[in-house]
Amino acid sequence: MLLADVHLDLTYNATGKLRYGTYGTDSPHALVRQALRAVLQWVNTPDAVLMAGDAVRHGASSMDETQQAYTVLSDELHDGFAASSLVCGAVGNTDVWPEYVVNVSQSHSFEQQAAAIVRDCALGLDEATRARQFGYYGRELWPGVKLIVLNTVIYSVLAPDHPAQDNDPFGQLRWLKAQLEIARELSLIHI
């Protein structure tokens with residue numbers, strides 16, 4: 001199961017007829033909970049649950065709000081699915097604060113969100129370190145099936161030190177190339 005762009009808004013005042021939001025808002029917590037309940041009734045034991053990023057509302061006001069929203073959604077996925085499914089996630093553009101901005105000279109932008117990913121996806125030490133520092137990782141889901149998660153927010157034109165000089169400041173493109181080479185050597189892909 002793939003979830004993307006949930007944009008959980010914990011600040012939404014979910015009351016009355018507008019409990020599930022209104023046009024132009026991100027997803028109120030009540031709407032996200034109801035959607036997850038419906039998914040659990042429909043498909044309660046998927047092989048894997050992949051959260052493809054952008055768990056947090058647009059325009060979050062602080063790093064604390066960003067981290068809280070990401071953790072709340074991750075916890076709800078973990079509580080709902082982890083007993084029977086592998087739960088893995090990616091950090092999206094709105095999951096860092098300020099949104100769309102990662103300072104490539106700092107290595108803490110993904111740390112809090114990566115804690116949930118490391119827990120749910122059961123990452124080994126190398127992959128956990130990569131997820132915490134750089135927002136990307138790989139995880140074998142099943143024999144012959146590997147999940148590759150890249151976070152390209154560092155290439156945002158809003159980044160304070162946009163990587164004009166270094167086209168691969170976190171080494172994720174070199175890492176991806178190595179992963180593809182390994183897959184080719186194992187005859188899993190043909191490039």
Side-chain angles (χ1 to χ4, degrees), residues 1-97 99 109-125 127-132 134-151 153:
M1 178 172 75
L2 177 67
L3 296 173
D5 298 284
V6 173
H7 293 293
L8 174 61
D9 184 355
L10 295 174
T11 66
Y12 184 80
N13 185 7
T15 60
K17 292 181 180 180
L18 300 178
R19 188 174 105 172
Y20 295 123
T22 184
Y23 180 78
T25 64
D26 282 328
S27 306
H29 200 186
L31 175 64
V32 172
R33 281 187 174 151
Q34 188 63 31
L36 289 177
R37 277 191 211 115
V39 168
L40 278 166
Q41 290 176 352
W42 192 25
V43 182
N44 63 357
T45 56
D47 293 331
V49 177
L50 307 174
M51 184 172 62
D54 288 347
V56 180
R57 77 177 177 100
H58 293 91
S61 62
S62 68
M63 183 176 283
D64 287 343
E65 180 190 347
T66 300
Q67 292 170 349
Q68 180 186 15
Y70 192 92
T71 301
V72 164
L73 181 58
S74 178
D75 287 350
E76 292 194 14
L77 292 174
H78 180 79
D79 293 346
F81 296 101
S84 59
S85 306
L86 179 66
V87 178
C88 288
V91 178
N93 296 333
T94 63
D95 301 330
V96 296
W97 191 84
E99 66 185 36
S109 297
F110 306 106
E111 197 165 321
Q112 293 298 318
Q113 294 83 344
I117 294 168
V118 169
R119 173 197 67 190
D120 295 339
C121 203
L123 298 182
L125 182 60
E127 297 306 322
T129 300
R130 247 187 232 96
R132 284 186 183 103
F134 308 120
Y136 70 92
Y137 67 92
R139 166 71 157 77
E140 185 173 357
L141 299 178
W142 305 281
V145 177
K146 187 163 188 176
L147 172 68
I148 300 287
V149 174
L150 297 177
N151 187 298
V153 70

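Below, all heavy atoms of this structure are taken into account, side chains as well, without hydrogens, waters or symmetry copies. If you read the sequence from its start, that first residue is 1, and numbering goes on from there.
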Could you tell me whether the side chain of [Y] reaches within less than 4.5 Å of the side chain of [X], counting heavy atoms only?
X      : Y     : answer
Tyr12  : Thr22 : yes
Phe81  : Leu40 : yes
Trp142 : Leu86 : no
Asp120 : Leu77 : no
Val153 : Asp95 : no
Val149 : Leu50 : no

If you compare all heavy atoms of [X] against all heavy atoms of [Y], which two are closest, and at what distance to 0.1 Å?
X      : Y     : answer
Ala55  : Leu73 : CB-CD2, 3.5 Å
Ala116 : Tyr70 : CB-CE2, 4.3 Å
Leu147 : Cys88 : CD2-CB, 3.7 Å

Exercise. For residues 39-68, which residue pairs qualify under salt bridge (charged side-chain N to carboxylate O under 4.0 Å, His left out), counting only residues two or more places apart or in two chains?
Worked result: Asp9-Arg57, Arg57-Glu65
Problem set entry | Pairs satisfying salt bridge (charged side-chain N to carboxylate O under 4.0 Å, His left out), at least one member in residues 28-42, at least two apart | Arg33-Glu76
Seminar exercise, completed: Hits for side-chain contact (heavy atoms from CB on, under 4.5 Å) against Ala128, two or more places apart or cross-chain, chain-then-number order -> Val118, Leu123, Arg132
For the side chain of [X] and the backbone of [Y], is there at least one donor-acceptor N/O pair under 3.5 Å apart?
X     : Y     : result
His7  : Val56 : yes
Thr71 : Gln67 : yes
Asp26 : His58 : yes
Ser27 : Val6  : yes
Thr94 : Glu99 : no

Problem set entry | Partner set under ring pair (Phe, Tyr, Trp, His ring centres under 6.0 Å) for Tyr136, not counting sequence neighbours | Trp175
Exercise. Pick from Thr25, Val32, Leu31: which one makes a side chain to side chain contact (heavy atoms under 4.5 Å, CB included) with Tyr20?
Worked result: Leu31
Problem set entry | Separation of Met51 CE from Met1 CE (nearest 0.5 Å) | 11.0 Å
For this session: Could you pull out all residues at least two apart from Arg119 that satisfy salt bridge (Lys or Arg N to Asp or Glu O under 4.0 Å)?
Result: Asp75
Exercise. How would you list, by chain and number, every residue that makes a salt bridge (Lys or Arg N to Asp or Glu O under 4.0 Å) with Arg139, sequence neighbours excluded?
Worked result: none
